[in-house]
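Heads up, the thing below is written out as structure tokens.
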Number of protein chains: 2
Amino acid sequence: MTEGERNAQLYTVLSGWGFRYKILEDGRRQILNYILPGDLIGLQGNVMLEMQHSVEAMTRMSLCVFERDRLMTLYEKHPSLAYDITWLAAREETMLDEHLLSIGRRSALERAAYLLAFLDWRAKSTGAAAEGKAANLPVTQQHCADTLGLSLVHTNKTFRKLAGDRLIRWLDRGCEVIDIEGLRKLAGWTPPLETKRPFL
Amino acid sequence: MTEGERNAQLYTVLSGWGFRYKILEDGRRQILNYILPGDLIGLQGNVMLEMQHSVEAMTRMSLCVFERDRLMTLYEKHPSLAYDITWLAAREETMLDEHLLSIGRRSALERAAYLLAFLDWRAKSTGAAAEGKAANLPVTQQHCADTLGLSLVHTNKTFRKLAGDRLIRWLDRGCEVIDIEGLRKLAGWTPPLETKRPFL
DNA sequence: CGGAAACTTGAGTTACGTCAACTACCGTGG
DNA sequence: CCACGGTAGTTGACGTAACTCAAGTTTCCG
């Protein structure tokens, strides 16, 4: 699914990991946010005229399709589902705000710590990893670099520092969080308190 | 209105300029987005448990208050208004996405050009400035620096370059856009196409 | 066994940050 | 009327975090 396309569908993610991103003409890429089970894809495309970003899967994903035309009908017939959609949109906004703070004002080390703490939180709160147990995050350093707004080389050096301090361990294809509290403290971040989460 | 507060109200902006921001413990500040007439304030606070950011006015603002408890009722009684709220949330997301791309991947000069082109667009599309006429943006360089994720000094030097190239003129307290097309081209950005905008 | 994708490391460069000083422009009050 | 203090903007010298380039491993997979 790429930017500019007019997309008639809305999707709910049932399983798997993906991400949303934008690119400049010369290829510079910025990952905007990650997509996990329970997330909605394509709301912007339904409400705005066209998609403003692209989406890519990181693992095999299964989706539940939803027709665009039915969105207004759904709002009329099921106000509580409409409310849930708003809830999801507001949560996305909260995440984007934090990412913005991170890229704009945190140092490379803090930023990296924040990203991993954030992904760990998301992984755990969607049940992708058991609560309490160390999460194994299926990201490459290239993904992280494009999320952090850093170069690949500098991202690597930053992660090596975190690994040297025993906060994480970097695996073949992904990252294992060892000391989540350490990461959160370094980043100066704690996961947001949420009201009850909608099913969808 | 500051972060962490539990805010029972939702506001619609009738007139004036403001902005949303977050700060780290040591005072580093990141401006997340600007608030103009027609925008909604406090949706996150209503849906999440508490406000995740703070809001500050840049000019005198007039607001229309809306009680939190009535949100669910509104969703039941007026689905089209509910849809409008979703529309606004999706538009906010689109703007945050673009800011993220900007801070993460654009150079200081491109970023500055983007910000001014963006504010010019917002000013014009809310009727704060006449369409076609040069918009006068009521921002200080400190605001811009905190939006761009740059230092105040470097922001100043960047703006002086834009002024030297006759793209903008910097006034006492704010900025006058001279060559909007030049700014957009430099930033590699054009305003998004929007579907019909809701009243609210 | 070869080739691609991911990760690592060092050396040199540059964009941006910090520090510090200075100007200009108010509005306030003696 | 001028003295003042505060906010906003400007500029130069110097330091450093992050980038680029380039050359490695290592791991996976066909």
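FYI, side chains are in, hydrogens and waters are out, and symmetry mates aren't considered; it's all heavy atoms of this structure. In what follows, chains are A, B, ... by sequence order, proteins preceding strands, each numbered from 1. All of these numbers come straight from a predicted model, not from anything done at the bench.
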Are any protein N/O atoms closer than 3.5 Å to N/O atoms in nucleotides 9-18 of chain C? If there are, list each pair with its distance.
| unit_1 | atom_1 | unit_2 | atom_2 | d |
| --- | --- | --- | --- | --- |
| C/dT9 | OP2 | A/Arg160 | NH1 | 3.4 |
| C/dG10 | N7 | A/Lys157 | NZ | 3.4 |
| C/dC16 | OP1 | B/Ala108 | N | 3.2 |
| C/dG17 | OP1 | B/Ser151 | N | 3.1 |
| C/dG17 | OP2 | B/Ser151 | N | 3.1 |
| C/dG17 | OP2 | B/Ser151 | OG | 3.0 |

Expressed as a whole number of angstroms, how long is the span from [X]:[atom1] to [N]:[atom2]?
X        : N      : atom1 : atom2 : result
A/Leu171 : C/dC7  : CG    : P     : 10 Å
B/Trp170 : D/dT10 : CH2   : C1'   : 13 Å
A/Leu148 : D/dA17 : CG    : P     : 17 Å
B/Phe159 : D/dA8  : CZ    : C1'   : 13 Å
B/Lys161 : D/dT11 : NZ    : P     : 13 Å

>> According to salt bridge (charged side-chain N to carboxylate O under 4.0 Å, His left out), who are the partners of B/Arg28, at least two apart in sequence or on a separate chain?
In response: A/Glu110, B/Asp26
> By salt bridge (charged side-chain N to carboxylate O under 4.0 Å, His left out), which residues pair with B/Glu93, not counting sequence neighbours?
Replying inline: none
> Bend angle of the helix from C/dC1-D/dG30 to C/dC26-D/dG5 from five-pair axes at both ends, rounded to 10°?
Replying inline: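 What I find for the helix from C/dC1-D/dG30 to C/dC26-D/dG5 is an axis angle of 40°.
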> Quick one: do the A/Gln44 and B/Thr94 side chains pair a donor with an acceptor below 3.5 Å?
Replying inline: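 B/Thr94 and A/Gln44 do have a side-chain donor-acceptor pair below 3.5 Å.
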All side chain to side chain contact (heavy atoms under 4.5 Å, CB included) counterparts of [X], not counting sequence neighbours:
X        : value
B/Leu74  : B/Phe66, B/Leu81, B/Ile85
B/Ser62  : B/Leu14, B/Ser15
B/Asp179 : B/Leu167, B/Glu181
A/Glu98  : A/Leu101, A/Arg106, A/Tyr114, A/Trp189, B/Lys22

Donor-acceptor pairs under 3.5 Å, side chain of residues 143-151 of chain A to any protein atom, not counting sequence neighbours: which ones?
| unit_1 | atom_1 | unit_2 | atom_2 | d |
| --- | --- | --- | --- | --- |
| A/His143 | ND1 | A/Thr140 | N | 3.1 |
| A/His143 | ND1 | A/Thr140 | OG1 | 3.1 |
| A/Asp146 | OD1 | A/Gln142 | NE2 | 3.4 |
| A/Asp146 | OD1 | B/Arg105 | NH2 | 2.8 |
| A/Asp146 | OD2 | A/Arg29 | NE | 2.7 |
| A/Asp146 | OD2 | A/Arg29 | NH2 | 3.0 |
| A/Thr147 | OG1 | A/Tyr34 | OH | 2.5 |
| A/Thr147 | OG1 | A/His143 | O | 2.7 |
| A/Ser151 | OG | A/His154 | N | 3.1 |

> Who are the side-chain hydrogen bond (donor to acceptor under 3.5 Å, both in side chains) partners of B/Thr86, not counting sequence neighbours?
Replying inline: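 Partners of B/Thr86 by the side-chain hydrogen bond (donor to acceptor under 3.5 Å, both in side chains) criterion, ordered by chain and then number, come out as A/Tyr75.
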> Are the charged groups of A/Arg122 and A/Asp39 less than 4.0 angstrom apart, N to O?
Replying inline: yes
>> Checking one residue: A/Leu32. Which other hydrophobic residues are in its cluster under the side-chain 4.5 Å linking rule?
In response: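 So far as hydrophobic clustering goes, A/Leu32 is joined with A/Leu96, A/Leu100, A/Ile103, B/Leu32, B/Leu96, B/Leu100, B/Ile103.
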> At under 4.0 Å, does any side-chain N or O of A/Gln141 touch on OP1 or OP2 of C/dA5?
Replying inline: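 Checking A/Gln141 against C/dA5: no side-chain N or O falls below 4.0 Å of OP1 or OP2.
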Please list, for nucleotides 25-30 of chain D, all pairs of protein and nucleotide N/O atoms separated by less than 3.5 Å.
| unit_1 | atom_1 | unit_2 | atom_2 | d |
| --- | --- | --- | --- | --- |
| D/dC28 | OP1 | A/Asp172 | OD2 | 3.0 |

